Structures are given as structure tokens and as C-alpha cells.
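These numbers come from a predicted model, not from an experiment. Atoms within each ligand, like the ligands themselves, are counted from 1 in listed order.
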Amino acid sequence: MSQRDSGLPGSDPNEGPLPSMRTMSDFAEQPPAPGIDITKPHVARIYDYFLGGKHNYAADREAAAQLLQVMPTVRTAARVNRRFLIEAVRWLAQEAGIRQFLDIGSGLPTQQNVHEVAQAIDPNAKVVYVDNDPLVRVHADALLATTPNTVVIEADLRDPEGLLNRPELRERLDFTKPIALLLVSIVHFIEDTAQALKVVKTLRDALPSGSYVVLSHGVHDESIADTLDEAVAIYRRSNTGVTPRTRDEIARFFEGCTMIGNGLSPMAEWSIRGPLVDHEENRIVSINELPEMRGFPLLCGVGRIER
Ligand SMILES: C[S@@+](CC[C@H](N)C(=O)[O-])C[C@H]1O[C@@H](n2cnc3c(N)ncnc32)[C@H](O)[C@@H]1O
């Protein structure tokens with residue numbers, strides 16, 4: 001079944017009406033800081049809109065509305081993706097003893113940010129956020145004021161060596177101890193597959209044995225190829241293109257890793273602790289909403305680096 005057939009926009013009781021035409025108040029919106037372009041959609045802000053955030057502008061909401069027309073479940077998908085991230089971080093901190101997190105493509109601040117989840121388990125857990133969207137940096141100051149073990153770096157995933165050499169990162173992370181590398185819903189924004197594989201390998205190789213890779217990625221599914229082409233075309237008009245990849249290609253991002261839980265799985269089925277249950281602390285999406293996400297083209301996985 002194609003995503004287009006999987007439900008009508010607005011059929012989800014959690015979804016509000018579709019944003020469509022720009023309103024007068026949209027046109028009154030001003031850039032939040034000098035140098036922030038709000039005339040073009042940005043993926044960080046489209047995602048923020050799907051999560052119910054406030055850091056988005058008319059151009060972002062318009063792109064989001066177009067995506068919802070093509071893939072009506074994409075808003076729920078954003079929340080299921082976020083659930084994956086939160087569950088993975090909680091497991092890593094609680095069960096695997098991880099105290100260092102390098103979250104690349106961290107996105108705009110939202111509910112249950114990585115540092116909040118990890119530092120609720122150990123206040124000394126270190127979190128380095130990285131994003132290339134300048135708006136993320138704008139919102140970083142408030143975050144940093146309250147969390148000394150957390151830093152936000154404006155940098156690009158496509159330059160992993162440059163990132164690994166950043167003093168702010170080296171000051172926070174000890175590369176002799178395990179680190180969780182979070183690449184959640186970001187690697188598909190590197191359009192060239194050879195480049196994406198090289199970037200992830202460079203980062204993986206920098207981490208000691210016992211570290212983890214947490215990754216979700218859009219899948220190229222031939223049965224919904226037309227839908228995916230339309231979604232890709234919408235992203236091309238944003239600040240970055242997007243490349244869904246085959247399952248085999250995505251599995252290569254975990255080379256040298258032992259997969260944890262039920263391995264590289266469709267987003268609605270991924271589990272790291274056995275049968276899926278709703279957690280009181282993770283209310284971003286209920287497991288009752290997962291069945292409608294069956295077939296959504298996103299794979300999730302957590303792998304432990306073994307050398
Ligand atoms: C869909 S959001 C995912 C946010 C978060 N990881 C999550 O899954 O909840 C993708 C994020 O990746 C960032 N991003 C995209 N391409 C990037 C790049 N080349 N370097 C750094 N960040 C990038 C975007 O700005 C955006 O904040």
C-alpha cells in the first residue's frame with residue numbers, strides 16, 4: 001500500500017487542520033536573528049513543525065503541508081522517529097552505561113532533548129549537539145545556560161574530520177571511553193551514497209570499541225517509488241536534498257557493529273527492550289499509533305562497535 005493510500009490527511013485525531021495558504025500573519029513573520037533565511041524551507045524547521053514546535057515559519061509550514069499531501073502519515077512518522085531516539089538514549093544511559101553522546105543533526109530544541117534524557121539518569125553525562133542549521137545555534141544559548149555538560153556546535157556532517165577536531169567537542173568528549181554516535185534522520189540528507197558511507201565510517205573509526213551507532217534513515221521502497229520521488233522533489237526545494245537508500249545500503253552504516261535489540265528494523269517495529277510498551281516518561285507517541293506506521297519508509301537501528 002502506498003503512503004498516499006494509507007490514510008487521509010487529518011484522519012489522525014492528533015493532527016490539526018492542514019496548513020495551506022499563507023495567511024497575513026505568516027507574512028508578518030520576521031527572521032529570529034540576522035542571517036536566518038525564513039523565505040526558504042529548512043528541514044530542521046519542517047521537522048519542528050511536525051513535532052508540534054514553534055520554531056518554524058510560513059515557508060516551512062507550506063513545505064510540511066505538501067509533504068503531508070504526499071505522505072499523510074509523515075507527522076506521526078516524525079514522532080515515531082523521535083521515540084526511537086529517546087528510547088535508544090535511555091537504554092544506552094540506563095543499560096549500557098554510556099555517559100557520552102555525540103548527536104549530529106540534533107535539530108531544534110524540543111521536548112525530551114537528548115541531554116534531558118541522559119542527564120536525568122546521570123547529571124554528569126556529556127552531550128555534544130551538532131547541526132548545520134544556524135537557527136539551532138540561535139536557540140542554543142538558553143540550553144547552555146542551564147546545562148554545563150552540554151554544548152551545541154554549528155558544523156556540517158559532511159566534514160567529519162573538521163568536526164572531530166573542533167576544540168569544543170574535544171573538551172567535552174573523551175575518545176578513550178565509549179561514545180554514542182547519534183545519526184538520527186540525518187544521513188539521508190547527504191545525497192551521494194559513497195560520500196555518506198565515507199562520512200559515517202570516519203566517525204565510527206574515531207570511536208573506541210564499546211561505542212554505539214544510533215541511526216535512522218529513509219528507505220528506498222520500489223513499491224512507493226512515485227510517492228518517494230514527490231517527497232524528494234519537495235525536499236530539493238528546501239535547504240537540502242534527500243536520498244532514501246536501500247536496506248543493504250543502510251546496513252553498511254553499521255559495518256563492524258553488533259546490532260542490538262531487534263536489529264535494523266522498520267520504525268514501527270523497532271524495539272530494544274523486547275515487546276513494545278508505552279513508557280510513562282516517553283509520551284511522544286503511543287504504541288497504539290504504531291500500526292498505522294507499518295510500511296513507512298524509515299529504518300532504525302542501534303549497533304555496538306566491536307573491535
Ligand atoms: C529531521 S531532523 C532530525 C533531528 C533529530 N536528529 C531527530 O531525529 O529528532 C534533521 C536535522 O539534521 C540537520 N542536518 C541536515 N543536514 C545536515 C548536515 N549536513 N550537517 C549537520 N546537520 C544537518 C538539520 O538541520 C536538522 O536539524
Starting from atom 20 (N) of ligand 1, what is the nearest protein heavy atom, named by residue and atom, and what distance separates them? Leu157 N, 2.9 Å
Heavy-atom distances under 4.0 Å decide this one: backbone, side chain, both or neither, for Ser106 against ligand 1? backbone
Atom indices of ligand 1 within 4.0 angstrom of Phe189 heavy atoms, with elements: 10 (C), 15 (C), 16 (N)
Please confirm whether Asp103 comes within less than 3.5 Å of ligand 1 when only nitrogen or oxygen atoms on both sides are compared. no
Where is the nearest protein heavy atom to atom 9 (O) of ligand 1: which residue, which atom, and how far? Tyr47 OH, 2.6 Å
If you define the side chain from C-beta out and look only at heavy atoms, does anything of Ile179 sit under 4.5 Å from Ile98? no
When you look at Asp48 and His55, which way does the side chain to side chain donor-acceptor pair (under 3.5 Å) test go after all the steps? CA-CA 6 Å; Asp48 173 73; His55 308 304; 5.0 Å; no
For atom 25 (O) of ligand 1, the protein heavy atom that lies nearest, with its residue and separation: Asp131 OD1, 2.6 Å
Any side-chain heavy atom of Val302 within less than 4.5 Å of one from Phe254? no
For Pro41 and Ile46, work out which heavy atoms get closest and say how close. CB-CD1, 4.0 Å
Among Asp156, Val199, Asn81, Leu85, which residue places a heavy atom closest to atom 8 (O) of ligand 1? Asn81
Counting from 1 in the order shown, the ligand 1 atoms closer than 4.0 Å to a non-hydrogen atom of Gly107 are 27 (O)
Salt bridge (charged side-chain N to carboxylate O under 4.0 Å, His left out), that's the test. Do Arg166 and Glu161 meet it? Break it down for me. CA-CA 9 Å; Arg166 289 282 288 261; Glu161 288 93 354; over 6 Å; no
Ligand 1 atoms in contact with Asp133 (distance to a heavy atom under 4.0 Å): 25 (O)
What atoms in ligand 1 come closer than 4.0 Å to a heavy atom of Val43? 24 (C)
Top protein contact for atom 14 (N) of ligand 1, by heavy-atom distance: Asn132 OD1, 3.6 Å
Specify the protein heavy atom at minimum distance from atom 5 (C) of ligand 1: its residue, its atom name, and the distance to 0.1 Å. Gly105 O, 3.3 Å
Are more than 12 heavy atoms, taken from residues, nucleotides or ligands other than Glu255, located less than 6.0 Å from that residue's CD atom? yes
Presence of salt bridge, Glu306 and Arg304, under 4.0 angstrom: yes
When only distance counts, is Leu108 in polar contact with ligand 1, meaning an N/O pair under 3.5 Å? no
Under 4.0 Å to a heavy atom of Ala155 - the qualifying atoms of ligand 1, by number: 20 (N), 21 (C)
Atom 10 (C) of ligand 1: nearest protein contact (heavy atom, Å): Ser185 O, 3.4 Å
Does the pair Tyr129 and Asn113 meet the rule for a side chain to side chain donor-acceptor pair (under 3.5 Å), with working shown? CA-CA 10 Å; Tyr129 289 121; Asn113 296 294; 4.9 Å; no
Between Arg252 and Glu249, does at least one N-O distance fall below 4.0 Å, as a salt bridge requires? no
Check for me whether Arg170 meets the cation-pi criterion with Phe175, that is, NZ or CZ under 6.0 Å from the six-membered ring centre and within 45 degrees of the ring axis. yes
